[in-house]
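Here the structure comes first, spelled out in structure tokens, and everything after it is commentary.
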Amino acid sequence: MRRQLKSIGAIYDWTREVITCLPEYYKWTQWFFLKLYEAGLAYRGKAPVNWCPHCQTVLANEQVVGEGVCERCETPVIRRDLEQWFFGITRYADELMQHDGLDWPERIKSMQRNWVGKSVGAEIAFALDHPGVEEKEIRVFTTRPDTTFGVTFMVLAPEHPLVARLTAPNRKAEVEEYIARSRQQTEIERLSTEREKDGVFIGAYVKNHLNGESVPIWIADYVLLSYGTGAVMGVPAHDERDFAFAQKYNLSIRVVVAPPGWQGEELEQAYVEAGTMVNSGQFDGLPSEQGAAAITDFLEKNGQGKSSVSYKLRDWLISRQRYWGAPIPMIYCLDCGIVPVPEKDLPVLLPEDAEFKPTGESPLKYNEAFVNTTCPRCGGPSQRETDTMDTFMCSSWYFFRYTSPHCDTSAFDSEKAGHWLPVDLYTGGAEHAVMHLFYARFFTKALRDMGLIDFSEPFTRLFNQGVIIVERQKMSKSKGNVITPDEYVSELGADAVRAYLMFIGPWEQGGEWNDSGISGISRWLTRIWNLVTSGYKQKTPGQVQDIEQTPRALSRVTHQTIRKVTEDLEKLRFNTMIAALMEFSNYLAKVRENGSVDDSDWKKSIDTLMLLLAPTAPHLAEELWQQTGHDYSIHNQPWPKWDPELAEDEEITLVIQVNGKLRDRIIVPASTTEVEAIQIAAESTRVKPYLEGKEALRKIYVPGKLVNIVVR
RNA sequence: GCCGGGGUGGCGGAAUUGGCAGACGCAGCGGACUUAAAAUCCGCCGGACCUAGUCCUUGUGGGUUCGAGUCCCACUCCCGGCACCA
């Protein structure tokens with residue numbers, strides 16, 4: 001990896017390299033864990049978690065991709081109830097949806113907003129009166145409180161804690177069987193929208209406060225315990241899932257929001273749009289948007305509900321049953337409970353003699369020297385946490401470490417971090433949208449709230465580079481490169497490879513690797529070599545053929561090229577930047593053939609060409625720089641500046657249209673006025689035939705561009 | 001289904017605010033050099049026709065405008081993400 005980066009001429013400050021798996025780095029990763037713990041942002045909790053049977057470890061939600069498979073090995077994940085360490089990323093849900101002041105691609109912002117998944121609605125209580133059950137209500141979350149009069153059933157998640165206690169004796173067998181069945185299913189099966197919704201009536205009821213109706217309670221696995229309250233109100237008339245469920249089990253479907261023109265007929269499908277409220281008591285006649293607020297207010301006054309917000313985002317599960325990753329610096333003491341490792345005892349080192357067994361538990365668990373320790377609080381015998389941290393934890397703060405990579409008294413030097421950060425321009429793949437990029441934002445906000453930094457966002461500008469496709473496979477670090485740049489570097493040189501990758505298409509789009517494409521770039525670099533090294537000879541004025549190559553024209557083209565290349569470079573539009581350099585070198589070749597300028601003008605333009613070429617073809621540019629008698633190094637020279645006056649066109653091509661159709665092009669001085677331009681247009685021999693016998697209604701003039709004569 | 005991004009020659013792709021569609025390169029064709037080939041250099045290169053020119057052409061259909069690849073409406077196809085989130 002390092003060798004490849006160097007071979008292609010990438011410039012990094014290797015003195016700042018950090019290696020996240022070394023103790024000098026992960027000591028501070030562990031330190032951050034302790035800080036997050038102190039701040040109440042790291043906690044241990046039991047939850048249904050994602051388990052990868054192949055990697056034998058738990059995964060964060062963000063690391064379950066596609067159809068519910070492991071991000072690393074693509075094995076379908078299953079659910080397990082385990083006690084694990086979590087970070088309270090949900091506390092920053094609202095802030096993570098905001099990207100104010102960030103220059104980020106729309107699609108990444110949208111993926112992050114989507115991942116947070118904010119829904120505004122209400123929590124509504126349904127009265128519960130069940131012998132032997134303490135709870136007097138079940139709360140549901142809904143985005144449509146306006147449809148509360150349309151509730152004809154309630155559905156609990158199968159794992160809902162009340163299910164066992166509420167189930168009627170005669171329903172027990174069926175309910176238990178259903179729960180067992182849904183537990184066995186993989187995430188894919190359970191989440192498939194294709195699947196028919198099924199469920200079981202548990203033989204208990206709640207009461208709808210609004211209309212006093214008794215509502216049967218069902219369980220169904222399309223209701224998720226982890227979202228909202230784990231219970232939903234069934235409104236079949238106005239929700240597609242509830243509609244399907246009601247049809248299957250013959251539950252009644254009551255319209256409470258009338259579609260336009262509704263005459264009381266039965267619905268063929270759920271009506272999910274807004275409408276006028278009906279069958280809703282005192283709320284009848286209200287538009288449903290207003291009805292939602294009115295019902296929420298009404299319930300709130302009676303203590304039977306409140307407005308509420310739900311998120312799809314879950315807390316970040318960071319425990320891993322893996323050897324790699326920093327050990328979680330926590331100790332379990334029989335007397336004191338969970339005790340953090342004191343800062344002075346960091347790092348908690350990974351043992352070097354761990355054994356790897358496919359047990360589904362951390363390899364550290366079987367390493368007695370690691371596990372057994374003494375409690376920092378009471379000194380009694382105790383055991384270490386044996387899980388390690390998600391490696392995304394290491395990458396969530398490495399850019400802070402870059403600002404002071406060898407600091408051994410703190411994770412980073414706050415003053416230096418304040419000076420260098422936030423990162424001006426961050427490039428990376430879009431696949432990090434809801435993983436690394438998301439976690440790094442969370443981490444930055446948490447550090448801010450701890451008072452360690454005074455900014456909120458790690459990366460001001462984000463740019464996603466595209467993927468290079470070779471023989472229908474992507475070139476990628478984690479997937480194993482199908483072809484490596486190495487062979488091309490040794491055959492055609494690093495500069496040709498770099499320039500080709502830039503030229504292949506827009507940087508964010510990637511592109512398909514094509515061998516004849518790179519040979520074209522290689523030919524161009526050869527032409528540049530010849531152009532610069534093969535000398536220049538001015539011809540006597542009489543021999544000069546072409547007026548396009550005057551000294552004035554040369555300086556204009558040179559300065560226009562500086563402008564174009566500089567602007568494209570800032571916008572990371574390398575493909576058009578190289579096109580501009582090609583046009584420039586093509587033009588210089590013509591000047592050279594004509595010999596129409598003097599040596600010093602020629603030399604100035606050639607110097608500019610080399611300087612503009614330096615970021616693209618650093619090796620070639622350096623060599624040519626030396627060959628033309630300059631001092632080492634071209635890469636330490638100031639970037640050329642363009643002079644707006646010299647870049648100014650003296651002549652423009654005036655486009656002449658009649659009724660919007662192109663009829664002529666005339667080269668005129670840039671100083672041509674509107675009156676002159678219109679006159680020139682009208683007198684053009686190509687234009688005249690189109691004006692004859694016609695009445696000119698309008699004459700449109702666009703300065704420096706065109707004249708359009710509208711005739712009838 | 002929802003969100004985001006796209007559809008331009010044989011191919012990759014250019015085209016500030018609405019103002020010359022196809023920059024630049026690849027492939028192809030013709031020519032020069034050569035005994036020949038490679039390399040290099042020069043020219044042509046969206047389509048049609050009655051080829052000095054005219055007409056058509058930016059996924060499809062409509063609209064706005066003097067003028068639309070660009071703006072608006074509807075549709076369609078492709079890519080990426082999310083997806084029983086109540």
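Within every chain, numbering begins at 1; the chains are lettered A, B, ... in the order of the sequence lines, protein sequences first and strands thereafter. Not measured: the values here are computed from a predicted model.
Side-chain nitrogen and oxygen atoms of A:Arg523 include at least one within less than 4.0 Å of the OP1 or OP2 phosphate oxygen of B:A27. Remark: A:Asn575 is in phosphate contact with B:A14, judged by side-chain N or O atoms under 4.0 Å from OP1 or OP2. Residue A:Arg107 places none of its side-chain N or O atoms closer than 4.0 Å to OP1 or OP2 of B:G80. For B:C24, neither phosphate oxygen OP1 nor OP2 lies less than 4.0 angstrom from any side-chain nitrogen or oxygen of A:Tyr587. Residue A:Gln509 places at least one side-chain N or O closer than 4.0 Å to OP1 or OP2 of B:G13. Not one side-chain nitrogen or oxygen of A:Asn530 sits closer than 4.0 Å to the OP1 or OP2 atom of B:C41. Put simply, A:Tyr227 has a side-chain N or O that comes within less than 4.0 Å of OP1 or OP2 on B:A86.
A donor-acceptor pair under 3.5 Å is formed between the side chain of A:Asn594 and the backbone N or O of A:Lys590. Remark: side-chain polar atoms of A:Arg139 are not paired, donor with acceptor, to backbone N or O of A:Glu137 under 3.5 angstrom.
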(request) Decide salt bridge (charged side-chain N to carboxylate O under 4.0 Å, His left out) for A:Arg107 and A:Glu508; before the verdict, give the C-alpha distance in whole Å, the side-chain angles of both, and the deciding distance to 0.1 Å. (result) CA-CA 12 Å; A:Arg107 104 190 129 118; A:Glu508 70 273 24; over 6 Å; no
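If you check distances only, the side chain of A:Asn708 does reach the base of B:C66 with a donor-acceptor pair under 3.5 Å.
Checking B:A23, B:G19, B:A21 against the side-chain heavy atoms of A:Leu662 singles out B:A21 as nearest. Here B:A14 is the nucleotide among B:A14, B:G12, B:C66 with the atom lying nearest to any side-chain atom of A:Arg573. Residue A:Ser110 places its side chain closer to B:C3 than to any other of B:A86, B:C3, B:A23. With distances taken from any side-chain atom of A:Lys312 to the nucleotides B:A86, B:A83, B:C84, the minimum falls on B:A83.
Within 4.0 Å of A:Pro506, counting heavy atoms only, lie sugar-phosphate atoms of the nucleic acid but no base atom. Within the nucleic acid shown, A:Val710 comes within 4.0 Å of sugar-phosphate atoms alone, with no base atom in reach, counting heavy atoms only.
Looking at A:Ile678 and A:Ile709, their side chains never come closer than 4.5 Å, going by heavy atoms from C-beta outward.
Scanning RNA chain B for stems, defined as runs of 3 or more consecutive Watson-Crick or G-U wobble pairs whose donor-acceptor distances all fall under 3.5 Å, gives the following ranges: B:1-7 with B:76-82, B:10-12 with B:24-26, B:28-32 with B:40-44, B:46-49 with B:53-56, B:59-63 with B:71-75.
A residue-by-residue look at A:Arg144 and A:Arg698 shows that A:Arg698 has its nearest nucleotide of RNA chain B further toward the 5' end. Each of A:Glu593 and A:Arg314 was matched to the nucleotide of RNA chain B holding its nearest heavy atom; the match closer to the 5' end belongs to A:Glu593.
Shown for residues 116-125 of chain A: residues whose heavy atoms fall under 4.0 angstrom of RNA chain B, namely A:Ser119.
Between the P atoms of B:G59 and B:A37, the separation comes to 43 Å (whole Å). One P atom belongs to B:C33, the other to B:C42, and the distance between them is 15 Å to the nearest Å. B:G19 sits 26 Å from B:C11 when the P atoms are compared, rounded to a whole Å.
In this structure, A:Arg663 is positioned above the aromatic face of A:Tyr690, its NZ or CZ under 6.0 Å from the six-membered ring centre and within 45° of the axis.
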